[in-house]
Q: 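Sharing a structure with you now.
What you see is a predicted model; the values in this text were computed from it and never measured.
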Amino acid sequence: RQAVASAGGRLDLWDTGTWDRRAVEVRSMDGGAYSPDGRVLATTAATGAVRLIDPPTGRPVRDLEGHAAVVIGLAFAPGGRVLATGSHDRTVRLWDVRTGALLHTFDGHAQFVRHVAFGADGRTVVSGSWDGTVGVWEVPPHVRPLVPTTRPTAPEPRAVPGGPGASAPPPPGYFAAFRGRATWVA
């Protein structure tokens, strides 16, 4: 499936096998991410809420509310049960997708969070901020049972130079950071 947002609060969900389109009304949309299994689409709104949508029907499943400003960054953990969100309120939050419960909040960035990503093993969250910093956060023990370990021998993330002008891409098990954007290299 493919999601395409347009001006005026409409989101088009396209089935790329049949090219059937389903229009979904959304308040506004600043970002979106599909769960790993494609069963949930998370969308962001200027209000700071995240709306979870059932792609086959286009119907809202629930809203995740708690950020004090617009949410830009979205990333599902391996397994799709936990969603990380990054916001202009300078926080990264972890949510239980099934219940909508806020599981944990990370703070420490001086400016808004633009990007979030889970490490390959699901035990680390990386966030990129407009302040030029990259946060590397350990998923708390009470959240770990919701995140299946997909690569039990995955190394801990280590920062290396990356981005435009780098002499070579980072080796596996590292993440590259450039201008507040973090990319995990599996």
Q: Contact between F76 and D37 at the side-chain level, heavy atoms closer than 4.5 Å - yes or no?
A: no
Q: Can you say whether the rings of W130 and F112 are parallel (under 30°), tilted (30 to 60°) or perpendicular (over 60°)?
A: parallel
Q: I'd like to know if the side chain of R98 and the backbone of R81 have a donor-acceptor N/O pair within less than 3.5 Å.
A: no
Q: Would a distance-only check, ignoring hydrogens and angles, find a side-chain to backbone donor-acceptor pair under 3.5 Å from D131 to A110?
A: yes
Q: How close do R114 and H88 get, heavy atom to heavy atom, and via which atoms?
A: NH1-NE2, 4.5 Å
Q: Please report the C-alpha distance between T91 and H67 in whole Å, then the side-chain angles of each, then the deciding distance to 0.1 Å, and finally whether the side chain to side chain contact (heavy atoms under 4.5 Å, CB included) criterion is met.
A: CA-CA 8 Å; T91 66; H67 281 290; 3.2 Å; yes
Q: Between atom CG of D54 and atom CG of L41, what is the distance when rounded to the nearest 0.5 Å?
A: 10.0 Å
Q: Donor-acceptor pair, distance only, cut-off 3.5 Å: does the side chain of T44 make one with the backbone of I72?
A: no
Q: Compare every heavy atom of G122 with every heavy atom of P78, then report the nearest pair and how far apart it is.
A: CD-CA, 3.8 Å
Q: When you measure from the side chain of S129 to the backbone N and O of T133, does any donor-acceptor pair fall under 3.5 Å?
A: no
Q: Checking the side chain of H142 only, and the main-chain atoms of L103 only, is there a donor and an acceptor separated by less than 3.5 Å?
A: yes
Q: Over all heavy atoms of both residues, which pair between P36 and G80 is shortest? Give the atoms and the distance, please.
A: CD-CA, 3.5 Å
Q: I want to check something: taking the side chain as every heavy atom from C-beta on, are L74 and L83 in contact at a cut-off of under 4.5 Å?
A: yes
Q: Mind checking the CD-NE2 spacing from E138 to H104? Nearest 0.5 Å is all I need.
A: 10.0 Å
Q: Is the backbone N or O of V97 less than 3.5 Å from a side-chain atom of R62, with the two atoms forming a donor-acceptor pair by type?
A: yes
Q: Could you check whether any side-chain heavy atom of V82 comes within less than 4.5 Å of a side-chain heavy atom of F118, counting everything from C-beta outward?
A: yes
Q: Does the side chain of L102 come within less than 4.5 Å of W95's, by heavy atoms?
A: yes
Q: Between the main-chain N or O of W137 and the side-chain N or O of T124, is there a donor-acceptor pair closer than 3.5 Å?
A: no
Q: Hey, does V116 have a side-chain heavy atom less than 4.5 Å from the side chain of S127?
A: yes
Q: Measuring from L52:CG to D63:CG, what's the distance to the nearest 0.5 Å?
A: 7.5 Å
Q: State, to 0.1 Å, how close S87 and A69 come at their nearest heavy-atom pair, and which atoms those are.
A: OG-O, 3.1 Å
